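Please read all numbers here as calculations on a predicted model, not as lab measurements. Residue numbering restarts at 1 for every chain, and letters A, B, ... go by the order of the sequence lines.
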2 protein chains.
Amino acid sequence: MAAEPRPSVTSRVLAILGAFDEHHPRLTLTELAQAADLPVSTAHRLVGELQAWDAVERDGDGRYVVGRRLWKVGTLAPVARELREASLPAMQDLYEATHENVQIAVREGTSALYVERIHGTSSVPVLSRPGVPLPLHATGVGKVLLAYAPREVVEECVENLKPITRYTITERGRMLRELAAVRRLGYARTVEEMGYGTCSLAVPVLGPGDEVVASLALVTRTVRKDLVKFVPALQVAAASITRRMAL
Amino acid sequence: MAAEPRPSVTSRVLAILGAFDEHHPRLTLTELAQAADLPVSTAHRLVGELQAWDAVERDGDGRYVVGRRLWKVGTLAPVARELREASLPAMQDLYEATHENVQIAVREGTSALYVERIHGTSSVPVLSRPGVPLPLHATGVGKVLLAYAPREVVEECVENLKPITRYTITERGRMLRELAAVRRLGYARTVEEMGYGTCSLAVPVLGPGDEVVASLALVTRTVRKDLVKFVPALQVAAASITRRMAL
DNA sequence: TGACGGACTTCCGCTGGGCGGAAGCCAGGT
DNA sequence: ACCTGGCTTCCGCCCAGCGGAAGTCCGTCA
């Protein structure tokens, strides 16, 4: 009858912070306690300490939300500090040249993690926010990141290609050929593989070494056959990001 | 000889996270221990747990940096989720119309806290990053935020007006008149009050109620007398942010 | 080459901070 | 008036965490 060993305080604090996610950014104490698998009284004490430090705050309804201080610390992460800062001006220029959505993502395990997205007033719906993971096999950024990912990551991904639309690539062989093409051409395209009516064009972004650290993409909400013509512009932008990251 | 009571584990973990700031985004274990006022062995254990959760990472040099997971959680903070997301498109359009730096800030205590800044390739130097506090009395955003701040905040600020350039407003009376003017006109200007050769034009951004939640500004690196002509554009943008935040 | 210093990592036995059940509190609903 | 459900406070027991010390792994200097 092994009595469960009590988890460390640190891991409990982190469990509380981890209870917040894209779909649950506002939580009551009870929800928080459930999500972190803690007795309410314990959660209450820990959350109290987090609140005192402004790692969490309480909004108008008494629900807990992530606090400003945690946001401030988060902005110091390399993804935000280095990549995001280096890429915003280039993304800016790219948006102005194309007036299409511009986005940048890095790979995290077997997902693409959005770091930033730029768009004008036109595209009203907020499809994704920074920090949200998306599939590697059905997005432009994803295919680029996968094309330059270590073998074991590729293996894991190609074994598990979930269909999202009727155009999503789900056959192992076809995906491997697609990835080879991405490496050969230097860019990836998707046409309605992630959502009907959307297509994208993505290029790799190199780091200070020559490794691929991110992927930069244009995403349209209409099917544009002529999107390929922006490959040079994307590559110029990617190069400018690499240059800025060196600083 | 009261033996210092040992601080709680939670506060120690937070002290470690708090050791990271704008000027020290990369720390060695020893620096971390010093900053958090902990024995090295204790810091080591705690940091180990943080690392396991990806709240911190180790970069190439073995130094500790803020991890992706913490960044992800940070993006869920209301400032990032609501304000930043709501304002980016409007800031985008504003940039395109003016081609000047566009920035948005909120008030935090007696400082203005930058939330986002947009600029094209032209302005090479990264002057400030999101999450960095700036003075309330010498910036456009600051004066707007101060104009609508509670009395006690105003009191504290006007008693302590540090000169930054020779044009910085440092007299209590003059600042109070300036704030009244901001309330009357609906916008604030600065001309070389924060830095020589820079001026700014800022307007308030209202929240779902009618309270001022942020300030939106144009900042130029040259002295432009004609900046005022953008007041309507700024107000349109501010209104659009308010509208988006309601969602 | 050796030995020194600085930074990191591991170990282990003592102890007081944290745990959480229980009881109290406060709204809103019936 | 009485629930119900969520939040807050209390307190005594006990083991998780503490941190000094010893060990390891560099790089540097004589």
Among pairs that include at least one residue of residues 33-48 of chain A, which meet side chain to side chain donor-acceptor pair (under 3.5 Å), considering only residues two or more places apart or in two chains? none

On DNA chain D, check which nucleotide each of A/Val40 and B/Leu38 is closest to and give me the residue with the more 5' one.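 Residue closer to the 5' terminus by nearest nucleotide: A/Val40.
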
When you match A/Thr10 and A/Thr28 each to their closest nucleotide on DNA chain D, which lands nearer the 5' end?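 Nearer the 5' end of the strand: A/Thr28.
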
Can you list everything that forms a side-chain hydrogen bond (donor to acceptor under 3.5 Å, both in side chains) with [X]? Sequence neighbours excluded, please.
| X | answer |
| --- | --- |
| A/Glu152 | none |
| B/Arg26 | B/Asp59, B/Asp61 |
| B/Glu82 | none |
| B/Glu49 | A/Ser8, A/Thr10 |

Can you list the residues that meet the side-chain contact (heavy atoms from CB on, under 4.5 Å) rule with B/Arg243, with sequence neighbours excluded? B/Ala239, B/Ser240

Those residues that, when tested against A/Val40, pass side-chain contact (heavy atoms from CB on, under 4.5 Å) (two or more places apart):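 A/Val40 satisfies side-chain contact (heavy atoms from CB on, under 4.5 Å) with A/Leu29, A/Ala33 once adjacent residues are dropped.
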
Whole Å only: how far is the [atom1] atom of [X] from the [atom2] atom of [N]?
| X | N | atom1 | atom2 | value |
| --- | --- | --- | --- | --- |
| A/Asp37 | C/dC19 | CG | P | 14 Å |
| A/Gln34 | D/dG6 | CD | P | 8 Å |
| A/Leu29 | D/dC7 | CG | P | 5 Å |
| A/Leu27 | D/dG6 | CG | C1' | 14 Å |
| A/Glu31 | D/dG6 | CD | C1' | 11 Å |
| B/Arg12 | D/dC18 | CZ | P | 5 Å |
| A/Leu46 | D/dG17 | CG | P | 12 Å |
| A/Ile16 | C/dC19 | CD1 | C1' | 13 Å |

Check whether any side-chain N or O of A/Thr30 sits under 4.0 Å from OP1 or OP2 of D/dC7, and answer yes or no.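 Yes, because at least one side-chain N or O of A/Thr30 sits under 4.0 Å from OP1 or OP2 of D/dC7.
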
Compile the donor-acceptor pairs under 3.5 Å between side chains in residues 67-80 of chain B and protein atoms, sequence neighbours left out, one pair per line.
residue	atom	partner	partner atom	Å
B/Arg68	NH1	A/Arg107	O	2.9
B/Lys72	NZ	A/Glu108	OE1	3.1
B/Thr75	OG1	B/Lys72	O	2.5

Heavy atoms of other groups near B/Glu156 CD, more than 12 under 6.0 Å: no

What's the angle between the local helix axes at either end of the helix from C/dT1-D/dA30 to C/dT30-D/dA1, using five pairs per end and rounding to 10 degrees?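 Overall, the helix from C/dT1-D/dA30 to C/dT30-D/dA1 bends by 30° from one end axis to the other.
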
Quick check: do B/Ile241 and B/Met245 have side-chain heavy atoms less than 4.5 Å from each other?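 With C-beta onward as the side chain, the pair touches.
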
Sub-3.5 Å pairs of nitrogen or oxygen atoms, protein against nucleotides 10-15 of chain C:
none

Among pairs that include at least one residue of residues 206-217 of chain B, which meet salt bridge (charged side-chain N to carboxylate O under 4.0 Å, His left out), considering only residues two or more places apart or in two chains? none

Need one value for A/Val9: base, sugar-phosphate or nothing, where a base atom within 4.0 Å counts as base even if backbone is also close, heavy atoms only.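 If one applies the 4.0 Å heavy-atom cut-off, A/Val9 turns out to touch the sugar-phosphate alone, with no base involved.
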
Let's see if you get this right: which residues in residues 50-70 of chain B place a heavy atom under 4.0 Å from DNA chain D?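 Those residues: none at all.
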
Are A/Arg63 and A/Glu31 close enough, and set up right, to give a salt bridge (Lys or Arg N to Asp or Glu O under 4.0 Å), and what steps lead you there? CA-CA 10 Å; A/Arg63 282 163 180 267; A/Glu31 287 166 342; 3.7 Å; yes

